[in-house]
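One structure below.
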Protein chains: 2
Amino acid sequence: MTAIRIDGKAVAASLRARVADAVADLARDGVVPGLAVVLVGDDPASRVYVGSKKKMTVAAGMRSIDHMLPAETGEAELLALIDRLNRDDDVDGILVQLPLPPQIDASRVILAIDPAKDVDGFHPVNAGRLATGQPALVPCTPVGCVMLAKTVLPSLAGLDAVVVGRSNIVGKPVAQLLLAESATVTVAHSRTRDLPAVCRSADLLVAAVGRPEMIRGDWIKPGAVVIDVGINRIEGEGGTSRLVGDVAYDEAAAHAAAITPVPGGVGPMTIACLLANTVKAARARRGLPEVVLEVAAF
Amino acid sequence: MTAIRIDGKAVAASLRARVADAVADLARDGVVPGLAVVLVGDDPASRVYVGSKKKMTVAAGMRSIDHMLPAETGEAELLALIDRLNRDDDVDGILVQLPLPPQIDASRVILAIDPAKDVDGFHPVNAGRLATGQPALVPCTPVGCVMLAKTVLPSLAGLDAVVVGRSNIVGKPVAQLLLAESATVTVAHSRTRDLPAVCRSADLLVAAVGRPEMIRGDWIKPGAVVIDVGINRIEGEGGTSRLVGDVAYDEAAAHAAAITPVPGGVGPMTIACLLANTVKAARARRGLPEVVLEVAAF
């Protein structure tokens, strides 16, 4: 068997197009959603990522509001900025790029963001709404994972889904989403006794551990769908490097029915889902009904 | 094999004794925790339950504040009462007995309770804190389930735990607690394809479905620990009735290493954990360090 390669780039582009349509709809009512991105310090990877977010926000027809703060910014100063953004009616979404410098307590910063503008979905109120099945702003990468799975699976109901990794930003929220889709959901992690066997039970496997190619081909149930969240840089010969996922792609593709590549799989979905969350927040804040931006099955 | 019968009555009594000790400690500093219980209407089962809570609150040395409202109470009136209780410094815990009459939206009422006084742990802020590993007031029955499991299992780390049921008040929070204990956690439910097989994979099985004796003996892995949350009344001969769990006890006891009976298993733990939450809330509101009230392994 050779697996279908799930094209995250194409799915993300399709989602961004839907977002742009939704933004155009809002513009007819004089509403232009605004996304405020806050970057503290000059971590090169964060700068690149913030740059992409800005470009795609503007390309979707929304306003991008950047706040680039020096690395030595104090927590009080950042909290004061968030307070201003919370009260600024032109701001629909607030994203504070992580990681933050050591003098700033990230969890306090996340708590300070108005849950209605929390487009990263990291605020405990949004985590709690997700956990209890209420309308929520849901973390972007987990939403992207489920959208990609649904491009190849008409329904997730009754499937045995295994999530490897239990982080607050991917593993746990993706498990909540899969449970809401009526999958039977197992969360496995570093303390799991027989991880290969647990993975082998999965009709849908989501890998979010951050360990390069840890999940091998013979861990994949024949015909499974594999969503690989990992993005790991490994050194090659002669000073080169390349990106690989948490799954050994070629091996896994020999067993799976469908699999996301790295790069070009889950990665592109994250910003697209961030844009979708910004539209969602902009509509909810104005009491407008939610529009479904989900990408339909191919 | 005949399973150990996990004596929830004894474990609950031991927990209540620890709570009473913690209350006595607080009393030396002039603090007497207060638990406000609100009952709307005159559902007989709710009345009995509220009566037990009151008696045990007082027996533990705390103040019990009752608000018995008529069945026709409006939502606004109830919300106004909750607002008063939120602002009343003598009230450390607020419990609104569910179910509420149809004219009142329970989710709006839960949202109105100050999360710091939410001793039922149903507020989304507490659900979110639990889901993201932050200090939280956690729903009572799930905490009781984990405490009972830990009386017979020294550690849950690496165990295969299966939770049957995905309710917000039991299934989902118990799954979060088991994950925090580093079990590999599967949540199964009505859409699960082969529930007997999933149950049979469990070293620790938590049943919270509310269907009398649905889980049969041959669904139990030999040597498993079974925690039965169900309390179902079934009709017997000659107009009699009896309580049974979600697990067919006698059958399951032939396979399990340990199992909770119904009644006398999880049931008694719920009020004991409510009292423990009230102490926790009383201490946290005053900035006092948390005391561990958990029952140690026997």
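Side-chain atoms are counted along with the backbone in the values below, which use heavy atoms only and exclude waters and symmetry mates.
- Most heavy-atom pairs under 4.5 Å with chain A, from the set Ala136(B), Ala127(B), Ser182(B): that is Ser182(B).
- Ranked by heavy-atom pairs under 4.5 Å with chain A, the first of Ser190(B), Gly158(B), Ala161(B) is Gly158(B).
- For Asn168(A) against Thr132(B), the heavy-atom pair with the smallest separation is ND2-O, 3.0 Å.
- The minimum heavy-atom distance linking Ala183(B) with His189(A) is given by the pair O-NE2, 2.7 Å.
- Surrounding CZ of Arg191(B) are at most 12 heavy atoms belonging to other residues, nucleotides or ligands under 6.0 Å away.
- Each of Val185(A), Leu159(A), Thr184(A) was evaluated against Thr192(B); a single residue qualifies, Thr184(A), per the side chain to side chain contact (heavy atoms under 4.5 Å, CB included) test.
- Proximity to chain B is absent for every atom of Asn126(A), based on heavy atoms less than 4.5 angstrom apart.
- When heavy atoms are compared at a cutoff of 4.5 Å, Arg193(B) approaches chain A by way of both its backbone and its side chain.
- Atom CZ of Arg211(A) is surrounded by 12 or fewer heavy atoms from other residues, nucleotides or ligands within 6.0 Å.
- Lys172(B) and Ala131(A) get closest at one heavy-atom pair: NZ-O, 3.0 Å.
- Of the atoms belonging to Asp194(B), not a single heavy atom falls under 4.5 Å from chain A.
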